[in-house]
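Predicted model, so just to flag it, every value in this text is computed and none were measured. The sequence lines fix the lettering, A, B, ..., with proteins before strands; numbering per chain opens at 1.
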Amino acid sequence: MNDMIRPEQIAQPPVTAPEPMLVIDHVTKRFETPDGPVVAVDNISLTVGRGEFVSIIGPSGCGKSTLFNLVGGLLSISDGTIRIDGEAINGPHKSIGMVFQEDATFPWRTVIDNVAFPLELQGMAKGERLERARHFVSLVGLHGFEKRYPAELSGGMRQRVSIARTLAAEPKLLLMDEPFAALDEQTRLLLGDKVLQIQQELNQTVLLITHNITEAVQLSDRVLIMTYRPGRTKRIALIELPRPRTSEMLSSDTFGRYVAEVWADLREEASRGMQDAERGSR
Amino acid sequence: MSTVARDPFLRRWAPELTGAAVIICGFLLIELLVRTAILNPYVVPRPSDVLLAFERIVVEEQILSRFLVTAAEAGTAAVLVALIGIPLGTLLQGVPLLRKATETWIAGMAAAPIVLIYPLFLVIFGRSPWTIIAIAVLAGLPPVAMLTLEGLSAVRPALVDTGRSFRLSRWQMFWKIMFPAALPSIFSGLRIGLIFALINVVGVEFLINFGGLGPLINELAERYDMPGTYAAICFVVFVSIIVFVVMERLEKWLRPVR
């Protein structure tokens with residue numbers, strides 16, 4: 001196999017650990033159902049450092065999206081705490097920007113007006129907010145599409161509008177829930193490159209929820225692997241691939257080894273999930 | 001068909017030309033049936049006579065000033081339908097118990113012959129424009145309220161979650177996300193509601209012989225002026241179509257791309 005990584009690119013261990021920004025501390029989420037309480041997320045702990053890119057991966061139904069909603073403040077925590085820069089999260093927090101799996105662009109607004117939305121909420125003057133919005137539109141590579149409506153764009157372009165809109169609010173933490181899940185593989189890889197480029201330009205802290213192993217390894221510094229029901233931490237894998245990374249690395253031996261390692265942990269959980277689904281459909 | 005496919009003018013206007021051809025053929029067929037006395041000429045006037053009667057109903061019967069009376073009643077009803085119907089739909093969406101309790105019978109009202117309630121309103125408002133407006137509002141409300149409710153309920157959860165993630169207040173959530181997202185459905189409701197209101201305005205005018213176009217149709221029918229009666233009816237139908245088309249254009253103008 002063609003190893004794309006040159007020796008000088010091998011990552012050096014960080015001299016100091018990044019300053020912690022997000023702390024998920026023994027978090028549990030229980031849902032009350034007619035059949036009794038169901039534990040969706042069970043005692044998960046994770047610290048994300050400033051400028052770090054961390055992914056959470058797990059089989060379908062393991063509670064990844066529940067964890068996304070807990071960190072985003074859209075769901076209340078049953079036990080434990082989540083803090084951002086020391087401040088406990090009790091609802092949507094101004095330091096956290098969320099990007100959703102489904103298309104969340106506003107169809108009645110043009111690209112530029114979509115991206116300027118959070119700036120409009122801040123009461124920024126029109127001229128200034130449009131100028132800033134234009135910067136973020138260019139950052140996601142949509143220069144020239146400012147006056148288009150989402151219906152005139154492809155799925156990948158719409159997702160980039162969502163990312164630009166979230167970034168325009170300048171969140172400390174970019175929280176993304178399978179943002180490329182609805183896209184084809186090629187668009188997904190190219191968008192992954194785009195996200196990496198933006199993350200490095202802005203030194204943006206990112207927490208990504210995904211079920212795609214390649215995506216998790218390509219983008220992340222660390223990958224938290226979740227168990228299937230209840231969602232617990234199985235392992236946190238350190239991805240010591242050099243940066244800057246691109247999708248060209250996908251064919252390297254090292255990359256393949258990381259993918260195989262993550263899959264080895266995930267396989268058993270995914271099998272449990274599949275058996276459960278088969279039992280449910282009988 | 002191959003000529004239509006080749007010629008860009010015909011390709012562009014084929015639906016409109018076909019529609020016009022169907023109407024003209026229909027008129028010609030009726031003309032033929034009446035002239036050959038297959039259709040009784042005392043009951044159905046010749047389309048050509050109806051066409052000629054238009055000038056008479058404009059000049060002698062002042063149909064345009066009567067139209068303004070009807071338009072004022074319909075306009076008042078339209079404003080009230082929007083002002084009551086949209087908040088009512090919003091209220092039903094916001095209060096699930098109220099929705100469950102009333103949704104079925106409000107939807108049922110859309111199919112009910114509301115016009116039959118006119119004696120009650122005659123007692124309340126007398127033989128006045130308010131009797132006409134009240135019935136028109138009652139007829140126009142169900143589609144507006146129901147489609148507002150439907151539009152608001154169908155707002156994609158991702159849009160609502162986006163609003164929540166930006167920490168919008170309830171007021172901001174409604175005006176910046178819910179309302180614009182539901183606007184296409186609300187517009188459909190308004191389009192149907194306003195047509196229902198217009199039909200009922202003319203219908204009640206006819207029944208109580210008061211107002212603009214309704215009494216004119218009544219008077220012409222009582223005079224046994226069949227071409228005039230049909231010309232007035234055609235005028236009302238034409239006005240309804242214009243209202244529908246204008247509403248449709250207005251919606252497209254307000255929402256260029258969806």
Side-chain angles (χ1 to χ4, degrees), chain A residues 65 68-69 71-75 89-111 113-123 145 147-153 158-159 161-163 165-166 168-171 173-179 181-182, chain B residues 82 85-87 89-90 93-94 96-97 100 144 147-191 246-258:
Chain A
S65 290
F68 168 83
N69 286 321
V71 177
L74 300 183
L75 280 177
I89 288 173
N90 298 312
H93 196 280
K94 62 180 186 304
S95 299
I96 298 175
M98 299 174 81
V99 177
F100 299 87
Q101 182 178 349
E102 305 83 12
D103 173 23
T105 51
F106 302 138
W108 58 92
R109 283 175 173 250
T110 58
V111 167
D113 287 338
N114 257 287
V115 177
F117 181 74
L119 308 172
E120 192 182 306
L121 295 174
Q122 290 166 14
F145 292 91
K147 298 277 176 213
R148 299 291 188 88
Y149 284 88
E152 299 173 295
L153 307 178
R158 285 204 287 270
Q159 206 52 296
V161 173
S162 289
I163 294 171
R165 184 179 60 194
T166 305
E170 297 190 9
L173 175 74
L174 179 62
L175 179 63
M176 300 198 282
D177 183 19
E178 305 193 30
Chain B
I86 297 172
T90 309
Q93 197 265 335
L97 177 67
K100 281 182 189 158
V144 177
L147 282 161
T148 301
L149 166 65
E150 207 175 296
L152 291 172
S153 306
V155 175
R156 284 184 283 125
L159 297 186
V160 178
D161 283 344
T162 301
R164 289 182 65 200
S165 77
F166 284 122
R167 302 188 305 150
L168 300 189
S169 63
R170 272 178 79 97
W171 186 252
Q172 285 175 318
M173 183 69 98
F174 181 76
W175 285 112
K176 291 199 179 284
I177 293 184
M178 301 292 284
F179 186 72
L183 209 51
S185 184
I186 294 173
F187 252 103
S188 302
L190 281 174
R191 215 163 51 206
V246 167
M247 287 293 293
E248 212 171 44
R249 288 284 155 92
L250 193 67
E251 187 184 347
K252 274 189 184 158
W253 178 69
L254 281 170
R255 300 285 307 277
V257 178
R258 267 188 266 148

* Is chain B contacted by the side chain of A:Glu120, its backbone, both, or neither, given a heavy-atom distance below 4.5 Å? -> side chain
* What part of B:Arg164 lies closer than 4.5 angstrom to a heavy atom of chain A: side chain, backbone, both or neither? -> both
* Please state whether the side chain, the backbone, both or neither of A:Arg148 comes within less than 4.5 Å of a heavy atom of chain B. => neither
* Under 30°, 30 to 60°, or over 60°: which ring-plane class applies to A:Trp108 and A:Phe106, parallel, tilted or perpendicular? -> parallel
* Short side-chain to backbone donor-acceptor contact, A:Ser65 and A:Phe68, under 3.5 Å -> no
* Asked: Do the charged groups of B:Arg191 and B:Glu251 touch, with an N to O distance under 4.0 Å?
  -> yes
* To do: Assign the ring pair B:Phe174 / B:Phe179 to parallel, tilted or perpendicular, where the plane angle (0 to 90°) is split at 30° and 60°.
  => tilted
* Based on non-hydrogen pairs under 4.5 Å, which of A:Ala104, A:Pro118, A:Pro171 is most in contact with chain B? -> A:Ala104
* Heavy-atom contact with chain A under 4.5 Å, split by part of B:Ile177 -> both
* Per-residue contact mode, A:Thr105 against chain B (heavy atom under 4.5 angstrom) -> backbone
* Asked: Relative to chain B, which segment of A:Asp103 carries a heavy atom at a distance below 4.5 Å: side chain, backbone, both, or neither?
  -> both
* Asked: Under 3.5 Å, is there a donor-acceptor pair between the A:Arg109 and A:Asn114 side chains?
  -> no
* To do: Could you tell me whether the side chain of A:Thr166 and the main chain of A:Met98 form a donor-acceptor pair under 3.5 Å?
  => yes
